[in-house]
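A short write-up of the structure that comes next.
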Amino acid sequence: MRYDPTSIEAKWQARWEDEGIHHAPDDDPRPKYYFLTMYPYPSGDYLHVGHWYAMAPSDAAARYRRMRGFNVTLPIGFDAFGLPAENAAIERGIHPFNWTMRNIEVIRRQLRSMGAMWDWAREVVTCDPSYYKWNQWFFLKMYEMGLAYRSLAPVDWCPKDNTTLAREQVVGDDRVCERCGTPVVKKNLSQWFLKITDYAEELLDFSKIEWPERVCLLQRNWIGRSGGVEFSIDVAGHSELSFRVFTTRPDTVYGMSFCVLAPEHPLVDVITSSDRAGEVESYRFKAARESDIERLSTERERDGVFTGAYAVNPMSGEEVPIYVADYVLLTYGTGAIMGVPAHDERDFDFAVRYGLPIPVVIAPHGWDGSPLDRAHLGDGRMVNSGQFDGLPSDEGWSGIADEMERRGIGERKVNYRLHDWLISRQRYWGTPIPIVYCDRCGTVPVPYEDLPVRLPEDAEFRPTGESPLRYHEGFLNVACPSCGRAAARETDTMDTFVDSSWYQYRYLDPRLDGAPFDPASAARWLPVDQYTGGIEHAVMHLLYTRFWTKAMRDMGLIEFDEPMLRLFNQGVILGPDGNRMSKSKGNVVNPDEFVAAYGADVLRAYLMFIGPWDEGGPWNSRGIEGVARFLRRVWAVVTGEGGGEAGASHATSERELEYWIHRTVQRVTEDIERFQFNTAISALMEFTNVLQRTSGTPLRRHPLWEEAVESLVLLLAPLCPHIAEELWVEHLHRPYSVHTQGWPAFDPGKATAEQVTLVLQVDGRVRERVQVPSGITDAAAREIALESPRVRQFLASRTVVDVIVIPGRLVNVVTR
RNA sequence: GCGGGCGUAGCCGAACUGGUAUAGGCGCCAGACUUAGGAUCUGGUCGGCGCAAGCCGGUGGGGGUUCGAGUCCCUCCGCCCGCACCA
């Protein structure tokens, strides 16, 4: 009987599902293991091989854990809200719910065809009211805690479609609307924010999680902590006017030769002198437009305009001009800076351009007092700094900070690049924000008992892309929960990253009605032991879910601080042309055709075999044939059909067969532990080749042979679950199921070959290789080397000065 | 510009802490078997010289440390990915 993947895969998938062997019960006595892989976003109507590339090895790792004796859950669900569904509705007149559920149906079938151990009982679909109700619940909790607030903020706005755009709807380097190609502008709107900045400091602490250093670094940079001093600067001639600046270099304050306000800074209107008003106004207009067109060039000239006003240096009393320039951002620090050209490159360029003085206050090492030709960022001693002269700059730093604090003009402060999380989307297909606006009571949260605030089903999708919620009378008009009078609902919905911030909690019991999750089962299952997914989520999703967990902890719902203990980022599978797969490029590879041609096991193994999991690479369908051959060979070896000829690499003794068994168990175990599936499969290929070549020898009838094929099937089980089950049950006649068996153990002693190759070198060059017993002593190895005729030949007229012995591997005889 | 990663055969890749470079697979070449096969099996496959044993060279280029470097250090080249005026 030949290996026929199609029939055996369907058969076992049906049986596994009937018997529910992939559901991990809460009350199982084994230690728990929560394996989470990022849930798919059904933005298209099927999964491509890139999804399989992420999921199949995750499944293999989860199955391996289960064979190691853990009660493993591998849940799955759908990140079902988001723009593509809404666009489909606008373009094709299909309701987003129907469009999404239709895609999910197709994807569910694909996920089943993978033969993964999905714990379907835990499935979550985020666009279901039973899910998004809890987004609203969390929002209200955060509102009560002061973590959710409303504020005026600029959003991207398409002037042609007359609507706001989400970040992902703004495309291209020139920032145009993805629908109509019109350049996007900023517009100020009242928006809801979550106060992630409250957790900025804690989010910088990665000590409780084992995440890739790269991800931690990305998050660290994204949070962008910088410590400095914020202080007040008075406007000369206006005793009542002052502004605040932030600096990380208070030690350079005596070197200030100008100040800069951001173009949007509110003080600009107040201080600009009448003769400068025209120029300042046109600069601000230009800046407003330019800041919205992405600033492409790094070589961009740093320009600005003088306001006509002067600032007083609080330390030296000196008066310096105040400029407006767009290299200062309103959104960072205080929106105003002190300009210290001698010690800041940007300020240096600006000063050179406008002929401003460049006073040196930190003397570079070996400085001769002449003007600097570029900003000096070093740590010399302070000069021209009044009482601080002569101090090393780090002492000057704290000295000046102390002095400012003592005089009450400034204080030490930490700034973050991280902004609060803007969750408002002017969209239909998302979670409605549970807020009501009442003329009399103001902003009123929807009472918990009225949740969920449901999306109306009879929404009318306009070709302009405006949210149907804004025009839906039935949704919009509501009685104020507080006073009962006519009031209006918030029509914004939540960012879909809200959904994915806590989905791993909802997986515990997606049907639970009274709470987002049961604290007892959370205590049992969480945090997630292993998370897998793409690096593209390093600073959005992975930061938000950490924030959410910390907020939940502060709500008293859980007692841990981090959502996922370990993280692995797999690489990206590109199209055959080397580009990212996309429908518009026509390079999307559908796994279904390969499942039909070769079976899921072959596709799974091939995806794991092509290279290191974290590297990805272009899809290439040529090599899949080799993996198909491998599984056919496994089939032949285990079923006893088609024995090979005795060749060069076959086990010739019991001891050798035993060695191959233990060595392979060791290699596969260690490789799967490290997610090195490609080498695990290589090891299984080698083992299979050895067994095939041994099958024509008398060892075929030795009891060890049974152990060998049994080990092969067990080691293969996590990677290729169907063929392993078929061989285990139908050909080895072992009890169902191979997937509930224990993982084979190896004996390190037996995993060592009886004979090893000892390399003999003279002066680092290989001269001879000899077979020696593996436990050979260093003294014996040394003796073998020195007595080897080949070695002696090369030692002829030389003096041996040293002999280096690497136990059981190498002897290097050093001469000269 | 700053930060991070990578560069090994015709191709994908292996080589844990410096110790046989190129395992495994694809492709290619030769052979066996076969009525046929989406086949299967065996052998070969880094380059140069040599009938051969073997010698020499070789992990993007150059230099260094070391008995010994794909691996460590310096430098240059090339590719990829983040951040991009964050005061």
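Every chain is numbered from 1, with letters handed out A, B, ... down the list of sequences.
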Considering Watson-Crick and G-U wobble pairs with both distances under 3.5 Å, what does [N] pair with?
{"N": "B:G58", "value": "none"}
{"N": "B:C51", "value": "none"}
{"N": "B:G27", "value": "B:U45"}
{"N": "B:A39", "value": "none"}
{"N": "B:U66", "value": "none"}
{"N": "B:C2", "value": "B:G82"}
{"N": "B:A14", "value": "none"}
{"N": "B:A87", "value": "none"}

Interatomic distance at [atom1], [N] relative to [M], whole Å:
{"N": "B:C46", "M": "B:G25", "atom1": "P", "value": "15 Å"}
{"N": "B:U59", "M": "B:U71", "atom1": "C1'", "value": "10 Å"}
{"N": "B:U65", "M": "B:U20", "atom1": "P", "value": "22 Å"}
{"N": "B:G43", "M": "B:A23", "atom1": "P", "value": "15 Å"}
{"N": "B:C81", "M": "B:A15", "atom1": "P", "value": "25 Å"}
{"N": "B:G63", "M": "B:A14", "atom1": "C1'", "value": "29 Å"}
{"N": "B:C79", "M": "B:G31", "atom1": "P", "value": "45 Å"}
{"N": "B:G60", "M": "B:U8", "atom1": "P", "value": "6 Å"}

Describe the nucleic acid contact of [X] in one word from base, sugar-phosphate, nothing, applying a heavy-atom distance below 4.0 Å.
{"X": "A:R767", "answer": "sugar-phosphate"}
{"X": "A:V328", "answer": "base"}
{"X": "A:I804", "answer": "base"}
{"X": "A:A597", "answer": "base"}
{"X": "A:L217", "answer": "sugar-phosphate"}
{"X": "A:F350", "answer": "nothing"}
{"X": "A:E345", "answer": "nothing"}
{"X": "A:R790", "answer": "sugar-phosphate"}
{"X": "A:D802", "answer": "nothing"}
{"X": "A:P612", "answer": "sugar-phosphate"}

Where the side chain of [X] is concerned, which of [options] is the nearest nucleotide?
{"X": "A:Q761", "options": "B:G4, B:G19, B:G57", "result": "B:G19"}
{"X": "A:R769", "options": "B:G57, B:U20, B:A15", "result": "B:U20"}
{"X": "A:L329", "options": "B:C67, B:A87, B:C26", "result": "B:A87"}
{"X": "A:T247", "options": "B:U20, B:A87, B:G38", "result": "B:A87"}
{"X": "A:V766", "options": "B:A87, B:A21, B:G38", "result": "B:A21"}
{"X": "A:V814", "options": "B:C55, B:A15, B:C67", "result": "B:C67"}
{"X": "A:F246", "options": "B:C67, B:U40, B:A87", "result": "B:A87"}
{"X": "A:Q692", "options": "B:A21, B:G13, B:U42", "result": "B:U42"}

State yes or no: are the ring centers of [X] and [Y] separated by less than 6.0 Å?
{"X": "A:W421", "Y": "A:Y544", "answer": "yes"}
{"X": "A:F350", "Y": "A:Y327", "answer": "yes"}
{"X": "A:F258", "Y": "A:Y354", "answer": "no"}
{"X": "A:W619", "Y": "A:Y606", "answer": "yes"}

[X] side chain N/O closer than 4.0 Å to the phosphate oxygens (OP1, OP2) of [N]?
{"X": "A:R809", "N": "B:G68", "result": "no"}
{"X": "A:N678", "N": "B:A14", "result": "yes"}
{"X": "A:N689", "N": "B:G25", "result": "yes"}
{"X": "A:R417", "N": "B:A87", "result": "no"}
{"X": "A:R693", "N": "B:G43", "result": "yes"}
{"X": "A:T815", "N": "B:C67", "result": "no"}
{"X": "A:R632", "N": "B:U40", "result": "yes"}
{"X": "A:R244", "N": "B:A87", "result": "no"}
{"X": "A:R633", "N": "B:U40", "result": "no"}
{"X": "A:R667", "N": "B:A15", "result": "no"}

ask   = Strictly by modelled atom types, are A:S695 and A:R700 linked by a side-chain donor-acceptor pair under 3.5 Å?
value =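 No, no side-chain donor-acceptor pair sits under 3.5 Å.
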
request  = For A:N415 and A:S226, test the side chains for any donor-to-acceptor distance below 3.5 angstrom and give the result as yes or no.
outcome  =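 Distance-only check fails for A:N415 and A:S226.
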
Between [N] ([atom2]) and [X] ([atom1]): distance, integer Å:
{"X": "A:E536", "N": "B:G4", "atom1": "CD", "atom2": "P", "result": "22 Å"}
{"X": "A:E625", "N": "B:G25", "atom1": "CD", "atom2": "C1'", "result": "12 Å"}
{"X": "A:I610", "N": "B:C11", "atom1": "CD1", "atom2": "C1'", "result": "13 Å"}
{"X": "A:E213", "N": "B:C6", "atom1": "CD", "atom2": "P", "result": "14 Å"}
{"X": "A:L758", "N": "B:G68", "atom1": "CG", "atom2": "P", "result": "19 Å"}

request  = Name the residue closer to the 5' end of RNA chain B, choosing between A:I535 and A:L330 according to the nucleotide with the nearest heavy atom.
outcome  = A:I535

ask   = Nearest nucleotide by nearest heavy atom, which residue falls closer to the 5' end of RNA chain B, A:V759 or A:S682?
value =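 By nearest-heavy-atom nucleotide position, the 5'-most residue is A:V759.
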
query = Should the ring pair A:F246 and A:Y332 be called parallel, tilted or perpendicular, given that the plane angle runs from 0 to 90° and is split at 30 and 60?
reply = perpendicular

query = Could A:R2 and A:W635 be counted as a cation-pi pair, given that NZ or CZ must be under 6.0 Å from the ring centre and within 45° of the axis?
reply = no

message = So, applying side-chain contact (heavy atoms from CB on, under 4.5 Å) with A:Y3, which one of A:T639, A:D601, A:V634 is it?
response = A:D601

inquiry  = Would the distance check show the side chain of A:S774 and the main-chain N or O of A:A753 forming a donor-acceptor pair, the cut-off being under 3.5 Å?
reply    = yes

